[in-house]
Trainee: 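Sharing a structure here in structure tokens format.
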Amino acid sequence: MHATMIEINDLHKRYKMGDNIVHALRGVSLKIEAGEFVAIMGPSGSGKSTLMHILGLLDVPDEGSYKLYGEEVSVLDEVALAALRSRTVGFIFQQFNLLARTSAGENVALPQIYSGEEPNLIKARALLERVGLGTRFEHRPNELSGGQQQRVAIARALINDPRIIFADEPTGNLDSQSQEEIMGLLTELNNQGITIILVTHETEVAAHAKRIVRVRDGQIQEDKIITPHKPIDAVWNRVAPKVNVPKAGFGRLSQSAVRATRAYVNEALRALLANKLRTVLSMLGILIGVAAVIAMLALGAGAKLSIEKELASLGTNLLTLSTGSPQSGHVSLGAGMVSKLTLDDGLDIPKNIEHVKNIAPTVNGRAQVVFNDKNWNTRIIGSGPGYAPMRAAVPVIGRFYTDQEDQERARVAVIGMTVVRNLFGEANPLGEMVRINKVSFQVVGILPEKGAGPFFDQDDIVVVPVATAMRRLLGKSFLDSVDIEVDDSKNMTEVSDGIIDLMLKRHRLTEDQSDAFQVRNLADIQAALSATSRIMAVLLAVIASISLVVGGIGIMNIMLVSVTERIREIGLRKAVGARPKDILMQFLIEATVVSVSGGAFGIAIGWGISATMSWLAGWPTTVSLNSVLLASIFSAAIGIIFGLWPARKASRLHPIEALRHD
Ligand code: ADP
């Protein structure tokens, strides 16, 4: 069996510093057996750390061979090195490099995330006990002394059962008592069969080792055995651990992929919760964008729905005559400036034009309606009896007023359900007298319920004979419009043209003044409506994409800051076995968690806004499942797209440069 653990031959390492090339290692050859305790010593800049980093699989030599358990490892790529590191070696650094805001126990368990094992907190606790910190499991690094922090780091180095522990000036930041404790621990570990390779420039520290290798100017100057090495009993340390080099990406078993994802999400959440204010601020952009879009879509959909409902409740083959806005020179005079519709204009239509089935001359206004001590402000419609069939307004309770009542300007009213509820409550209004603008009217019917629209409640109306409304209630001498029902849809154009001709004749206008009046049909109104909602949809899409991009840039910005702040953390994670992919996923998931939670809060707030609007203003709103799905997908996509760059940046950091960052 092979007892030689490490065998290096003629190692060279050069660094480029601008135009200069620093030759850090100049042909180093060394053999280390399993179970040795070696101190590498030498003045600053002599190449100790470079040597240790290569031995520790954190870096590769430019030239020369490195055999670990007889296997050439100097040719391995980053991913394979990471896997080997995570199973074979443990590191202890001068700066401890514990994750802040993370308990001692979780710090110890950290390397397990990257070794593809289930994080095992029981083992972490046992290791903390072994280094004398059994009671400090929940403590965070800032609640521990330097010596205690280094002991946590030793426990962390042990979690994956390493064969070798590399210690880089492990006592450099410690007082002499802690130094003795730490060195005692390392000696104990060595006695149990773990190979220890220690870099130090302190003789006192090196005195614990059994062999001292002195390095100077990138070469081995002296290699001295202090205590002869006894071949160890621990058979396990004489053979390489089985390392399944994971394929790049998520090529591991799916079970461990699930485990890894869970670990990434945990790490991301921990980082985000550690910086709550920053996290919330960075999600604001997405949150506001999504909330605005959800609320606007809900309102738009609600408005469209109720307008469609309103249109559907109208009879078919309807035309509406109103005054147009004729051009005088280039100046628009506004509707009704030139000509006004009289009641006789309306009444003349069926007498002169064929195919007209019904008409309803109409005026609109508002008035105060009083019954006993209750009073209610509502919309007044003055119209003919034609209103009932054309507007789907034939009362279910009571009756509509007759032609005769209409002509006699009778004071009768048909009222909507909202008015009934507000004035009569549960009482039966039929036959009761109400006062509208101080004029008494008898209620003869109740309009069928149609439901509330976005801008008005269709049931909040009172319909009275048109002449009564004009003379007695609203003080109008002209009509606002005339509704015309045509007998068959094929005659719509003919009737429409006929009406315009008739109006021109009655008002003594010429052909070229034909736009003094306009006749519109439902199809026109529907076309206008869908054109409006198309424009609305495009506008919304523009607003949504602008706000999502702005939100995404916000997230990217924060992620870049976060990567820069956590370079050492990234270095540490890599040292304990994280592959570039692991780091990429962690930061990508962080960005995605921010954007998706921003999106989720945005959906909730947008939904809240639309619910509040419908409650306050009585507008119907519908938050569609589609808009929620779309918002979720988009915000996740934003997180991934804008998180990718910072995450790649993090994943590409070199472990040593990252660890040395300050
Ligand atoms: P020691 O650990 O003995 O102080 P190092 O191994 O850190 O020495 O460094 C050996 C030499 O290589 C030094 O001259 C140092 O400046 C140089 N060096 C180390 N790392 C880098 C690097 N990343 N880039 C450029 N030069 C480096």
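Please read all numbers here as calculations on a predicted model, not as lab measurements. As the structure lists them, so they are numbered: ligands from 1, and atoms in each ligand from 1.
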Trainee: For atom 20 (N) of ligand 1, is the nearest protein heavy atom closer than 4.0 Å?
Mentor: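 Protein heavy atom within 4.0 Å of atom 20 (N) of ligand 1: present.
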
Trainee: Does His53 reach ligand 1, in the sense of a heavy atom lying below 4.0 Å from it?
Mentor: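 False for this residue.
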
Trainee: Between Met17 and ligand 1, which part of the residue brings a heavy atom under 4.0 Å of the ligand: side chain, backbone, both or neither?
Mentor: side chain

Trainee: Starting from atom 7 (O) of ligand 1, what is the nearest protein heavy atom, named by residue and atom, and what distance separates them?
Mentor: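 The protein heavy atom lying closest is Arg660 NH2, 3.1 Å.
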
Trainee: Under a plain distance cut-off of 3.5 Å, with no hydrogens placed, do Gln94 and Asp168 share a side-chain donor-acceptor pair?
Mentor: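 The answer is no; no qualifying pair exists.
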
Trainee: Is a side-chain N or O of Glu180 found less than 3.5 angstrom from the main chain of Gln177, in a donor-acceptor match?
Mentor: no

Trainee: Give me the nearest non-hydrogen protein atom to atom 27 (C) of ligand 1 as residue plus atom name, then the distance to 0.1 Å.
Mentor: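 The answer is Tyr15 CD1, 3.2 Å.
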
Trainee: With the threshold set at 4.0 Å, does a side-chain nitrogen-carboxylate oxygen contact exist between Arg214 and Glu222?
Mentor: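 Looking at Arg214 and Glu222, the cut-off is met.
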
Trainee: For atom 5 (P) of ligand 1, which of the options Ile21, Leu25, Ile54, Thr50 provides the nearest non-hydrogen atom?
Mentor: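 Closest candidate by heavy-atom distance is Thr50.
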
Trainee: Look only at interatomic distance and state if Glu657 has a nitrogen or oxygen under 3.5 Å from any nitrogen or oxygen of ligand 1.
Mentor: no

Trainee: At under 4.0 Å between heavy atoms, which part of Val22 makes contact with ligand 1: side chain, backbone, both or neither?
Mentor: side chain

Trainee: From atom 4 (O) of ligand 1, work out which of Gly218, Ser49, Gly47, Gly45 has a heavy atom at the shortest distance.
Mentor: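 When every heavy atom of Gly218, Ser49, Gly47, Gly45 is considered, Gly45 comes closest to atom 4 (O) of ligand 1.
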
Trainee: Measuring from Ile165:CD1 to Phe37:CZ, what's the distance to the nearest 0.5 Å?
Mentor: 10.0 Å

Trainee: Can you tell me if Ser44 has a non-hydrogen atom under 4.0 Å from ligand 1?
Mentor: yes

Trainee: Applying salt bridge (Lys or Arg N to Asp or Glu O under 4.0 Å) to Glu63 and Arg14, what does each step give before you reach the verdict?
Mentor: CA-CA 9 Å; Glu63 274 172 50; Arg14 298 177 195 90; 2.8 Å; yes

Trainee: Protein heavy atoms near atom 15 (C) of ligand 1, is at least one of them under 4.0 angstrom away?
Mentor: no

Trainee: Counting each atom of ligand 1 from 1 as listed, which ones have a heavy atom of Pro43 under 4.0 Å away?
Mentor: 3 (O)

Trainee: Numbering the atoms of ligand 1 from 1, which are under 4.0 Å from a heavy atom of Ala24?
Mentor: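 Matching atoms, with element in brackets: 10 (C), 11 (C), 12 (O).
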
Trainee: For the residue pair Arg87 / Asn160, report whether a side-chain donor-acceptor contact shorter than 3.5 Å exists.
Mentor: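 Distance-only check fails for Asn160 and Arg87.
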
Trainee: Determine yes or no for a side-chain-to-main-chain donor-acceptor pair under 3.5 angstrom, with Ser86 supplying the side chain and Gly577 the backbone.
Mentor: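 Looks like no, no N/O pair under 3.5 Å.
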
Trainee: Okay, side chain of Arg579, backbone of Glu78: is any donor-acceptor separation there less than 3.5 Å?
Mentor: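 No.
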
Trainee: To check you understand the geometry: which heavy-atom pair defines the closest contact between Ala650 and Val563, and what is its length?
Mentor: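 Taking every non-hydrogen atom into account, CB-CG1, 3.8 Å.
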
